[in-house]
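The structure under discussion appears below in the form of structure tokens.
All ligand and atom numbering here is 1-based and tracks the order in the structure. Quick note: numbers below take in every heavy atom, side chains included, and nothing from hydrogens, waters or symmetry partners.
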Amino acid sequence: MLEKLQNGIKRIPKSILIVGAITVTLWIIGLIIAIIFETYLFLVYILLISTVPMISVLIYEIRKTNIRTREERKQQIQAEYQEQLIQMKHGGKQRSLEEIRGNFSTNNLARIDSLKIERKARKKYSCTISRIQILDGQEILQCPQCKNYFSEFNLLVWLEKKRNCPVCKAKLLQ
Ligand SMILES: [Zn+2]
């Protein structure tokens, strides 16, 4: 529960947290001054003025998120395009990851799955085959010998033909 709350707060941009804290502080100061001097008009001023930076920061963050989402979409299309190119280079028509996995024995699939690694937050991983960033939702496979990263799709297309790591030639399949 507490961890969920902490993660939720972590996802809020820092600028919003800072401006939010300043806004709330201004409100509290305004409220205290208003109570001491009994000038409630002052409190109204403070409320109005302090919302301006808050709204500006919110608009700025929303625009930034939109640009980032568009950028991620572009990267995803680029990554999918590269995967299709590599696949066609290695064996013709377009297939899904599931279809390609179906061509491996259970034993080899277990070996492939044992190469999968957990994605570390904020770390960027690039596929050594396509040189394109491995995106969220794509599995990252790591060669136990040379430690290079591969997207699952690209390495599977490679391993359909060869049994070794494309970089260091370590034996990955039986
Ligand atoms: Zn290797």
Side-chain angles (χ1 to χ4, degrees), residues 1-21 56-174:
M1 177 65 193
L2 194 69
E3 206 175 297
K4 252 190 191 169
L5 193 72
Q6 278 176 336
N7 281 338
I9 290 173
K10 257 186 219 162
R11 242 181 277 148
I12 300 172
K14 269 208 186 86
S15 56
I16 290 182
L17 288 179
I18 292 166
V19 176
S56 320
V57 168
L58 272 176
I59 292 172
Y60 170 74
E61 286 298 338
I62 288 168
R63 286 194 55 179
K64 208 169 81 182
T65 311
N66 277 345
I67 291 169
R68 208 169 41 219
T69 316
R70 242 181 291 153
E71 208 40 54
E72 276 169 12
R73 181 75 199 124
K74 217 169 91 186
Q75 273 184 356
Q76 195 184 344
I77 291 169
Q78 205 184 2
E80 281 168 8
Y81 175 69
Q82 283 296 333
E83 284 184 344
Q84 296 300 345
L85 275 188
I86 284 160
Q87 178 172 195
M88 289 197 287
K89 211 168 115 189
H90 282 272
K93 61 180 192 334
Q94 298 186 2
R95 293 161 302 160
S96 68
L97 183 63
E98 278 317 301
E99 275 177 82
I100 297 171
R101 280 182 68 91
N103 293 332
F104 291 90
S105 68
T106 321
N107 222 339
N108 277 337
L109 276 181
R111 280 165 168 262
I112 289 162
D113 288 339
S114 74
L115 303 176
K116 286 180 183 172
I117 58 158
E118 286 285 335
R119 187 185 284 274
K120 282 197 192 115
R122 285 171 220 275
K123 183 169 158 64
K124 290 198 165 149
Y125 299 88
S126 290
C127 173
T128 313
I129 296 174
S130 65
R131 303 273 163 206
I132 297 269
Q133 195 184 330
I134 305 171
L135 303 165
D136 291 344
Q138 289 180 307
E139 295 279 1
I140 305 162
L141 276 63
Q142 188 179 32
C143 171
Q145 192 168 299
C146 64
K147 309 290 179 199
N148 275 293
Y149 303 117
F150 305 95
S151 81
E152 183 183 13
F153 193 97
N154 288 340
L155 190 62
L156 280 174
V157 171
W158 173 271
L159 289 174
E160 277 186 310
K161 297 267 163 96
K162 317 230 160 109
R163 329 234 114 216
N164 306 72
C165 167
V167 181
C168 71
K169 310 291 172 209
K171 200 173 173 219
L172 299 178
L173 298 184
Q174 274 186 327

Side chains of residues 164-174: which donor-acceptor pairs under 3.5 Å do they make with residues two or more places apart or in other chains?
from: Asn164; atom 1: ND2; to: Lys169; atom 2: O; distance (Å): 2.8
from: Gln174; atom 1: OE1; to: Asn107; atom 2: ND2; distance (Å): 3.3

Axial cation check for Tyr125 ring with Lys123, 6.0 Å and 45° limits:
yes

Taking Glu99 for its side chain and Ser96 for its backbone only, find out whether a donor-acceptor pair lies under 3.5 Å.
yes

Quick one: pull up OH in Tyr149 and CD1 in Ile134 and give me the separation to the nearest 0.5 Å.
9.0 Å

Using modelled atom types only, decide if a donor and an acceptor are shared between the side chain of Arg101 and the backbone of Leu156 within a distance under 3.5 Å.
no

Distance check, rounded to the nearest 0.5 Å: Arg73 atom CZ versus Thr69 atom OG1?
11.5 Å

Near the Zn ion (ligand 1), which protein N/O/S atoms are found at less than 2.8 Å?
Cys143 SG, Cys146 SG, Cys165 SG, Cys168 SG

